[in-house]
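Working notes for the structure below.
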Amino acid sequence: MRLLLLSDIHSNLEALEACLAAAPAHDVVVNLGDIVGYGASPNEVTERSRGLGKLFVRGNHDKAATGLMDISDFNPVAGLAALWTRDKLKSENLEWLRALPHGPMQIDDLPNVQFVHGSPVDEDEYVVTLQDALEPLLVSTVPVTFFGHTHLQGGFSTNHSSTDDYRPVYKTVGQNETRDFPLKEGVRYLINPGSVGQPRDGDWRAAFALFDSDARLVTFCRTPYNLKGAQDRIVAANLPQRLATRLAAGR
Ligand code: ZN
């Protein structure tokens, strides 16, 4: 089975459309959460994501925008964007987002793979460093976990005697590019496809990944998108300017 892994789209329609146009052939779309928040196209992105199916986990921004989580934990810019999103969402989209499931989620035919937003231990936990990855890698009974939340493309692994981390290195800053990451037998993995709509690894291009479960191959992808279009919408919506400028920096 070939899975298209999308995470942290954050209401960025231009980035989502670019990923879908660049994505290689796939059988199933898996969405790791934070469909909304920060960007200016919450309804369009919710409807597009919903249409793609088939498996979803909720993100903290999906919870905040739909009133499932107190925004007092958010920084002021994120809190403002969550309130703006709540105000703009059509009621049917808000209800759909509110009903998204808590991870980990699994696909029937793939018992060795699970999907979460933050971590298999806690859906709101950030797995940024190898140290952060140790507990989820060691306690999880499922060998391969796909996660989001940090907006950092890459992964962590352990073979029970040593642990490792991986970040794809690309040649350009503006082209469509891919990096293959073959999974080994007997190794546990935590893998983040990166953020579609608000990358934070210094690369402005939209990030996503493909997983071929038969070949045990993850392919990390970056694709340029209509950055100016996404920024203009944020400015026109009177969302904080910083949400537009950070997209260009990939931070
Ligand atoms: Zn996010």
Side-chain angles (χ1 to χ4, degrees), residues 5-16 19 29-42 44-46 48-49 55-86 88-89 93 97-98 100-105 115-129 132-133 136 145-155 190-209 220 222 225 230 234 239-240 242-247 249-251:
L5 299 152
L6 302 176
S7 191
D8 298 277
I9 303 168
H10 283 292
S11 298
N12 187 336
L13 183 65
E14 288 76 8
L16 174 59
C19 291
V29 179
V30 176
N31 191 314
L32 302 176
D34 279 4
I35 292 171
V36 297
Y38 296 133
S41 304
E44 296 87 338
V45 167
T46 301
R48 191 80 166 100
S49 300
L55 193 129
F56 300 86
V57 290
R58 68 186 186 183
N60 53 318
H61 285 260
D62 305 321
K63 291 194 287 180
T66 58
L68 284 176
M69 188 176 135
D70 192 347
I71 59 159
S72 60
D73 290 344
F74 274 31
N75 69 54
V77 168
L80 234 148
L83 292 176
W84 179 91
T85 302
R86 192 182 301 176
K88 288 288 178 282
L89 278 173
N93 290 335
L97 287 166
R98 185 181 280 156
L100 287 174
H102 184 302
M105 291 288 290
F115 309 95
V116 303
H117 183 63
S119 141
V121 182
D122 175 348
E123 65 175 347
D124 295 329
E125 186 181 318
Y126 289 90
V127 181
V128 177
T129 64
D132 300 334
T145 302
F146 289 101
F147 73 105
H149 199 34
T150 63
H151 301 205
L152 301 170
Q153 192 178 49
L190 274 168
I191 296 166
N192 190 327
S195 168
V196 171
Q198 196 199 75
R200 293 179 192 161
D201 46 14
D203 186 333
W204 70 277
R205 291 173 293 184
F208 62 98
F220 292 105
R222 296 307 275 244
Y225 70 96
I234 288 170
L239 281 160
R242 157 105 180 106
L243 293 175
T245 52
R246 72 182 299 173
L247 293 179
R251 294 284 178 202

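For ligands, and for the atoms within them, numbers begin at 1 and follow the listed sequence.
Protein atoms of type N, O or S found under 2.8 Å from the Zn ion (ligand 1) total 4.
With sequence neighbours excluded, the residues forming a ring pair (Phe, Tyr, Trp, His ring centres under 6.0 Å) with F56 are W96, listed by chain and number. A search for ring pair (Phe, Tyr, Trp, His ring centres under 6.0 Å) contacts involving H61 returns H10, Y38, F74, not counting sequence neighbours. Applying the side chain to side chain contact (heavy atoms under 4.5 Å, CB included) rule to N192 yields the partners F147, T150; only residues at least two apart in sequence or on another chain are considered.
Here D203 contributes atom CG and L152 contributes atom CG; the two are 11.5 Å apart, rounded to the nearest 0.5 Å. Taking CG from D34 and NE2 from H117, the interatomic distance works out to 3.5 Å, rounded to the nearest 0.5 Å.
In this model, no donor atom of one side chain and acceptor atom of the other lie less than 3.5 Å apart for S119 and D122.
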